[in-house]
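For reference, the structure discussed in these notes is given below.
One is the number of the first residue; the rest follow in order along the sequence. This is a predicted model, so every value here is computed, not measured.
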Amino acid sequence: MCQHQHLHRPDAMLSAPLNVTIREIEVNSAVVTWEILEGDPVIGFAITQQKKDVRMLRFIQEVNTTTRSCALWDLDEDTEYIVHVQSISMGGSSPPSEPVLFRTPKESEKMASKSPDEVTMEEFGHAAQLRAGELIIIVVVLIMWAGVIALFCRQYDIIKDNEPNNNKDKAKNSSECSTPEHPQGGLLRSNV
């Protein structure tokens, strides 16, 4: 009698997927993974994906596969989703798994959601790049300042050296200009 019941109700024995987990949660995607009870005649899976507090469902079904994971795509950022997974056999579906709730991050939180190792390595790389960049800038600025100071000193020395000559030239020019004015001036001529 027991054997007879077992033969007629194989699908009642199909267990719901176990250890349903959401991995690799990104802004617009995630991956669902699960396990099945050993010995269950599973030939595929069905996933129900629903936004929390929204009635619309997405139904994903695949048969003739032994995979135990499925990518969820085209998700909205900063949104809560509920996921159920069912196993499929030749005769039908298992009961749905326990609902799994997860939330996609905001675009701005994407960087913060990385693993600590990735962040520290990236920060270390950025810090090294920044230090190298800062050193190059400092060196360039110092060289430029050194060049400006050297040019200024040279110009200053040239100006300093030329200052007395310039004064003498000016004095000469002014005296040259003034000397012809006296004999040619109207006052001098009228006096003469």
ask   = Rounded to the nearest 0.5 Å, what separation is found between the CD atom of Gln49 and the CD1 atom of Ile60?
value =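 It comes to 5.5 Å.
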Note, [X] side chain near [Y] side chain (heavy atom, < 4.5 Å):
X      : Y      : value
Ile25  : Pro105 : yes
Ser93  : Ser87  : no
Tyr81  : Asp76  : yes
Thr79  : Leu75  : no
Phe102 : Val83  : yes
Trp73  : Arg58  : yes

For residues 30-47, please give each side-chain donor-acceptor pair under 3.5 Å, one per line with the distance, not counting sequence neighbours.
unit_1	atom_1	unit_2	atom_2	d
Thr33	OG1	Arg23	NE	3.1
Glu35	OE1	Asn19	ND2	2.9
Asp40	OD2	Ser15	N	3.0

Ile82 reachable from Val85 in the ILVMFWY side-chain graph, under 4.5 Å edges =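 Each belongs to a different hydrophobic cluster.
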inquiry  = Applying a strict under-4.5 Å side-chain criterion to I, L, V, M, F, W and Y, I'd like to know whether Val54 and Phe59 cluster together.
reply    = no
key: Enclosure of Gln61 CD (heavy-atom neighbours >12, cutoff 6.0 Å)   = yes
inquiry  = Can you tell me if Phe152 has over 12 outside heavy atoms packed within less than 6.0 Å of its CZ?
reply    = no
Shortest non-hydrogen contact between Ala16 and Pro96, atoms and distance = CB-O, 3.7 Å
ask   = His84 and Glu98: which non-hydrogen atoms are nearest, and at how many Å?
value = CD2-C, 4.5 Å
